[in-house]
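Please read the structure below before turning to the comments.
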Amino acid sequence: MKNLLANFKKSNFKYLNVDEDDDSAVLFTKEDGISLIPEEKTSFYHDPDGNKDRSNAIYMYIEAEGDFIVRAHVDHDFKYEGDSATIMVRIDDDNWAKLGFEKSETGTNSLISSVTVDGWSDRAIGETYSWKNVRLYFVRKGNTFGMYYSPDDKHKRLIRYFRLDAPEKIQVGMMAQSPNGEGDAVMHYYTFEIKNISVSSIEEGALDEF
């Protein structure tokens, strides 16, 4: 898989809700990847009850075409409830999907997934995760998508399988949110990798060879 954070250039990515030259928000360390520092009260989430409609978090992305596997190795300090180092696919202002390593409202560090369709989001709180960092995966096969996670790149678990009607080219990237923070949370991405390949299936076990 190609690591897009190796020999990193900011110009290789596109940006939403942050200027690519804003060094206070996007930090780069050659040996260790990048860090994103989200502003306070930022996220990508349109609450079903209409009370928390936000799509203002840092999003740093590429445009990927066709089927793919994306993998990111992430961690952070879990300072505030809702802090999340996330990978996200996005079509437009009303349609996206995300998988994050998040400090959840249950007081645990959890894998949180959310799919937003026609401007409305859902939210699924995954199991408690005891390791300090995690590998997050997004898999696309046509209009079907899978979200996986792994502590070690060997034992991968499918956390969500869903459909999202998407164009051939779609945004794929790193999103850092802090909906209850004060602008001092830091999300670290060691790697962000992509491989254009069509897996035989998105069901459990599909990523065993990657």
Side-chain angles (χ1 to χ4, degrees), residues 5 15-18 22 24-29 32-61 70-90 96-116 120-138 145-153 155-160 162 172-192:
L5 301 186
Y15 299 80
L16 191 63
N17 301 322
V18 66
D22 184 357
S24 66
V26 182
L27 305 179
F28 168 56
T29 303
D32 295 322
I34 66 168
S35 296
L36 301 180
I37 305 174
E39 293 185 1
E40 60 184 81
K41 307 300 186 288
T42 54
S43 68
F44 269 84
Y45 184 65
H46 288 181
D47 198 309
D49 66 11
N51 290 328
K52 296 179 181 177
D53 290 352
R54 292 177 180 166
S55 51
N56 59 348
I58 293 175
Y59 185 41
M60 182 175 168
Y61 67 93
V70 167
R71 174 175 59 194
H73 183 192
V74 306
D75 71 13
H76 60 98
D77 293 333
F78 301 93
K79 293 192 70 170
Y80 307 100
E81 181 182 306
D83 281 2
S84 181
T86 301
I87 57 174
M88 184 166 79
V89 299
R90 180 178 178 273
W96 66 78
K98 64 179 185 177
L99 172 63
F101 191 25
E102 183 171 320
K103 184 177 178 64
S104 76
E105 57 265 42
T106 63
T108 61
N109 302 338
S110 301
L111 282 305
I112 306 294
S113 65
S114 178
V115 179
T116 300
W120 299 105
S121 303
D122 65 16
R123 176 174 165 80
I125 302 175
E127 63 204 61
T128 298
Y129 184 87
S130 58
W131 290 271
K132 297 296 184 182
N133 56 74
V134 68
R135 282 81 168 170
L136 305 175
Y137 299 79
F138 246 110
F145 292 81
M147 300 174 179
Y148 278 80
Y149 74 91
S150 172
D152 55 11
D153 277 331
H155 305 90
K156 305 177 184 73
R157 178 163 182 177
L158 178 66
I159 195 170
R160 189 157 185 167
F162 64 99
V172 184
M174 300 166 281
M175 188 272 284
Q177 68 176 43
S178 188
N180 298 293
E182 298 178 4
D184 57 347
V186 181
M187 317 300 167
H188 197 81
Y189 293 78
Y190 297 102
T191 61
F192 180 78

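As the structure is a computational prediction, the values presented were derived from the model and not from experiment.
- Between Met175 and Arg90 there is no side-chain heavy-atom pair separated by less than 4.5 Å.
- The minimum heavy-atom distance between Phe192 and Ala72, with the atom names listed, is CD1-CB, 4.1 Å.
- Within a 6.0 Å radius of CZ in Arg157, other residues, nucleotides and ligands contribute 12 heavy atoms or fewer.
- Leu99 pairs in a side chain to side chain contact (heavy atoms under 4.5 Å, CB included) with only one of the listed residues (Thr86, Ile159, Val115), which is Ile159.
- Of all heavy-atom pairs spanning Gly183 and Ile37, the tightest one is O-CG2, 3.7 Å.
- The distance between the ring centers of Phe78 and Phe101 falls below 6.0 angstrom.
- Within the 4.5 Å cutoff, the side chain of Met60 has heavy atoms near those of the Val26 side chain.
- Between His46 and Trp96, some side-chain heavy-atom pair lies under the 4.5 Å cut-off.
- Pairing each heavy atom of Ala185 with each of Lys79, the nearest pair is CA-CD, 4.3 Å.
- Summarising the geometry, atom OH belonging to Tyr190 is positioned 5.0 Å from atom NE2 belonging to His188; distances are rounded to the nearest 0.5 Å.
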Quiz prompt | Trace of the side-chain contact (heavy atoms from CB on, under 4.5 Å) decision for Thr191 with His73 | solution = CA-CA 5 Å; Thr191 61; His73 183 192; 3.4 Å; yes
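- For the atom pair NZ of Lys156 and CG of Leu158, the computed distance is 12.5 Å after rounding to the nearest 0.5 Å.
- Salt-bridge check for Arg123 with Asp47: failed, with every basic side-chain N at 4.0 Å or more from each acidic carboxylate O.
- Checked by atom type, the side-chain pair Tyr137/Asp153 shows a donor-acceptor distance below 3.5 Å.
- Counting heavy atoms from C-beta on, the side chains of Met174 and Ile34 come closer than 4.5 Å.
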Self-check item: side-chain contact (heavy atoms from CB on, under 4.5 Å) between Tyr61 and Val172, worked out
Solution: CA-CA 5 Å; Tyr61 67 93; Val172 184; 5.9 Å; no
Exercise. Run the numbers on Tyr80 and Asp184 for side-chain hydrogen bond (donor to acceptor under 3.5 Å, both in side chains), then give the verdict.
Key: CA-CA 10 Å; Tyr80 307 100; Asp184 57 347; 2.7 Å; yes
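- The two residues Gly181 and Glu40 make their nearest non-hydrogen contact at O-CB, 3.1 Å.
- Put simply, the side chain of Tyr189 never gets that close to the backbone of Asp32: no donor and acceptor are under 3.5 Å apart.
- Considering only heavy atoms from C-beta on, Ser114 comes within 4.5 Å of Lys98 through its side chain.
- Between Ser113 atom OG and Met147 atom CE the span is 5.0 Å, to the nearest 0.5 Å.
- Once rounded to the nearest 0.5 Å, the distance linking CG of Leu136 with CG of Leu111 reads 6.5 Å.
- Each of Asn17, Ile58, Thr116, Asn56 was evaluated against Phe44; a single residue qualifies, Asn17, per the side chain to side chain contact (heavy atoms under 4.5 Å, CB included) test.
- Ser110 places no side-chain N or O within donor-acceptor distance of the main-chain N or O of Ile112, the cut-off being under 3.5 Å.
- A salt bridge does not link Lys103 to Asp83: none of the charged nitrogens lies less than 4.0 Å from a carboxylate oxygen.
- A pairwise comparison of heavy atoms in Pro151 and Arg135 identifies O-NH1, 2.7 Å as the closest pair.
- Using a 4.5 Å heavy-atom cutoff, the side chains of Glu81 and Ser104 are not in contact.
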Quiz item: For Asp122 and Tyr45, what are the C-alpha separation, side-chain angles and deciding distance, and is it a side-chain hydrogen bond (donor to acceptor under 3.5 Å, both in side chains)?
Solution: CA-CA 8 Å; Asp122 65 16; Tyr45 184 65; over 6 Å; no
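- A 4.5 Å side-chain heavy-atom check between Met187 and Ser35 finds every atom pair outside the cut-off.
- Minimum heavy-atom separation, Arg160 to Ala124: NH1-CB, 3.9 Å.
- At a threshold of 4.5 Å between non-hydrogen side-chain atoms, the residues Val74 and Asn133 do not count as touching.
- Judged by distance alone, with hydrogens and angles left aside, the side-chain atoms of Glu102 form no donor-acceptor pair with the main-chain N or O of Asn109 at under 3.5 Å.
- Under the 3.5 Å distance criterion, the side-chain polar atoms of Ser178 are left unmatched by any main-chain donor or acceptor of Asn180.
- Within the model, atoms CD of Glu39 and OG of Ser24 stand 7.5 Å from one another, a figure rounded to the nearest 0.5 Å.
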